[in-house]
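What follows is a short report on a single structure.
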Amino acid sequence: SDATRKALAGVSGRQNTDTYGEGIYTPAMTNKTYTKMAREAEKLIDQGEGAILDATFQRRAYRRAIFHMAARRGVPLYLIHCQSPEAVIRERLVQREKEARDLSDGRWEIYLQQKLAFEPITEVQPKLCLFLNTEASVSELCKTAERFLRAARKPDLASRQWVPF
């Protein structure tokens with residue numbers, strides 16, 4: 001979502017001055033960002049490819065749009081919700097800001113605002129959603145995600161349709 005948002009806004013690199021809901025993070029720009037991501041994913045799917053969308057998806061409406069797109073295209077959709085304890089999140093955000101190599105503008109104060117605005121994930125069948133604690137090593141996280149995706153693709157689950165609420 002960071003790359004998509006910045007491409008739409010015609011900016012590159014970090015934009016550390018923007019606060020939550022302002023600048024390139026207004027609700028209108030966020031809607032444009034998620035709409036563009038959905039369109040790009042749909043193009044990939046139409047070409048027989050898969051797509052991974054990396055964003056907060058803090059509003060059900062953003063998730064619902066992706067669910068509907070997948071249903072229209074008849075493709076399975078799986079959700080991996082990454083989580084960590086707040087101390088870990090804070091440490092990572094501080095480190096990211098120090099290094100200034102990441103495209104993301106995420107900072108602790110923005111995280112706190114997003115957390116308040118986050119609409120809980122209740123519209124996903126539990127077997128099609130992995131709540132992943134990202135404290136583990138990258139290797140372990142990849143193994144966990146792969147196990148989840150393999151299990152979710154089993155015939156008894158893969159034939160289930162999303163029921164967007």
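Hydrogens, waters and symmetry mates play no part in the numbers below; they use all other heavy atoms, side chains included.
- Listed by chain and number, the residues in a side-chain contact (heavy atoms from CB on, under 4.5 Å) with Leu44 are Gln47, Glu49, Ala51 (sequence neighbours excluded).
- Under a 4.0 Å N-O distance rule, the pair Glu146/Arg153 does not qualify as a salt bridge.
- For the pair Tyr20 and Tyr25, the minimum side-chain heavy-atom distance is 4.5 Å or more.
- Put simply, CG on Leu53 and CZ on Arg63 are 13.5 Å apart, with the number rounded to the nearest 0.5 Å.
- Between Gln83 and Thr134, every side-chain heavy-atom pair lies at or beyond the 4.5 Å cut-off.
- For the atom pair Glu22 CD and Met29 CE, the distance stands at 14.5 Å (nearest 0.5 Å).
- Between Arg60 and Ile121 there is no side-chain heavy-atom pair separated by less than 4.5 Å.
- Between Thr56 and Gln114, the shortest heavy-atom distance links the atoms CG2-NE2, 3.9 Å.
- Tracing side-chain contacts under 4.5 Å through hydrophobic residues (I, L, V, M, F, W, Y), one never reaches Tyr62 starting from Ile110; they form parts of separate clusters.
- Through direct or relayed side-chain contacts under 4.5 Å between Ile, Leu, Val, Met, Phe, Trp and Tyr, Val88 connects to no other residue.
- Considering every non-hydrogen atom in both Lys6 and Leu103, the closest pair reads NZ-O, 2.6 Å.
- In this view, Pro27 satisfies the side-chain contact (heavy atoms from CB on, under 4.5 Å) rule with no residue, not counting sequence neighbours.
- Taking 4.0 Å as the cut-off between side-chain N and carboxylate O, Lys43 and Glu40 count as a salt-bridged pair.
- Looking only at side-chain heavy atoms (C-beta outward), Leu79 and Leu130 stay at 4.5 Å or farther from each other.
- Qualifying side-chain hydrogen bond (donor to acceptor under 3.5 Å, both in side chains) partners for Glu109, counting only residues two or more places apart in sequence or in other chains: Arg107.
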Going through the checks in order, is the side chain to side chain contact (heavy atoms under 4.5 Å, CB included) test met by Lys32 and Thr4?
-> CA-CA 9 Å; Lys32 286 181 188 176; Thr4 301; over 6 Å; no

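- Two residues are said to be in side-chain contact when any heavy atoms from C-beta on lie closer than 4.5 Å; Arg96 and Arg92 fail this criterion.
- Residues that satisfy the side-chain hydrogen bond (donor to acceptor under 3.5 Å, both in side chains) test with Arg90, not counting sequence neighbours, are absent from this structure.
- Interatomic distance, CE of Met37 versus CE of Met69, reported as 10.0 Å (0.5 Å rounding).
- Within 6.0 Å of CG in Asn133 there are more than 12 heavy atoms belonging to other residues, nucleotides or ligands.
- Residue Ile89 shares its hydrophobic cluster (ILVMFWY side chains chained together at separations under 4.5 Å) with Leu93, Trp108, Tyr111, Leu112.
- Among residue pairs with one or both ends in residues 35-60, those qualifying as ring pair (Phe, Tyr, Trp, His ring centres under 6.0 Å) are Tyr34-Phe57; sequence neighbours excluded.
- Ion pair Glu42/Arg73 flagged as a salt bridge, since at least one NZ, NE, NH1 or NH2 atom sits closer than 4.0 Å to an Asp/Glu carboxylate oxygen.
- Taken to the nearest 0.5 Å, the CZ atom of Arg64 stands 12.0 Å off from the CZ atom of Arg59.
- When side chains are defined from C-beta on, Leu141 does not count as touching Cys82, because their heavy atoms never get closer than 4.5 Å.
- The ring pair (Phe, Tyr, Trp, His ring centres under 6.0 Å) contacts involving residues 116-144 comprise His81-Phe118, His81-Phe131, where partners must be two or more places apart or lie in separate chains.
- Lys127 contributes atom NZ, which lies 13.0 Å from atom OH of Tyr78 (distance to the nearest 0.5 angstrom).
- Residues meeting the side-chain hydrogen bond (donor to acceptor under 3.5 Å, both in side chains) test with Ser1, sequence neighbours left out: none.
- Partners of Glu91 by side-chain hydrogen bond (donor to acceptor under 3.5 Å, both in side chains), not counting sequence neighbours: none found.
- Under a 4.5 Å side-chain heavy-atom cut-off, the cluster of Ile, Leu, Val, Met, Phe, Trp and Tyr residues that includes Ile52 has no other member.
- At a threshold of 4.5 Å between non-hydrogen side-chain atoms, the residues Asp105 and Asp2 do not count as touching.
- For the atom pair CD1 (Ile80) and CG (Leu128), the distance works out to 11.5 Å, reported to the nearest 0.5 Å.
- Listed by chain and residue number, nothing satisfies the salt bridge (Lys or Arg N to Asp or Glu O under 4.0 Å) test with Lys143 (two or more places apart in sequence, or in another chain).
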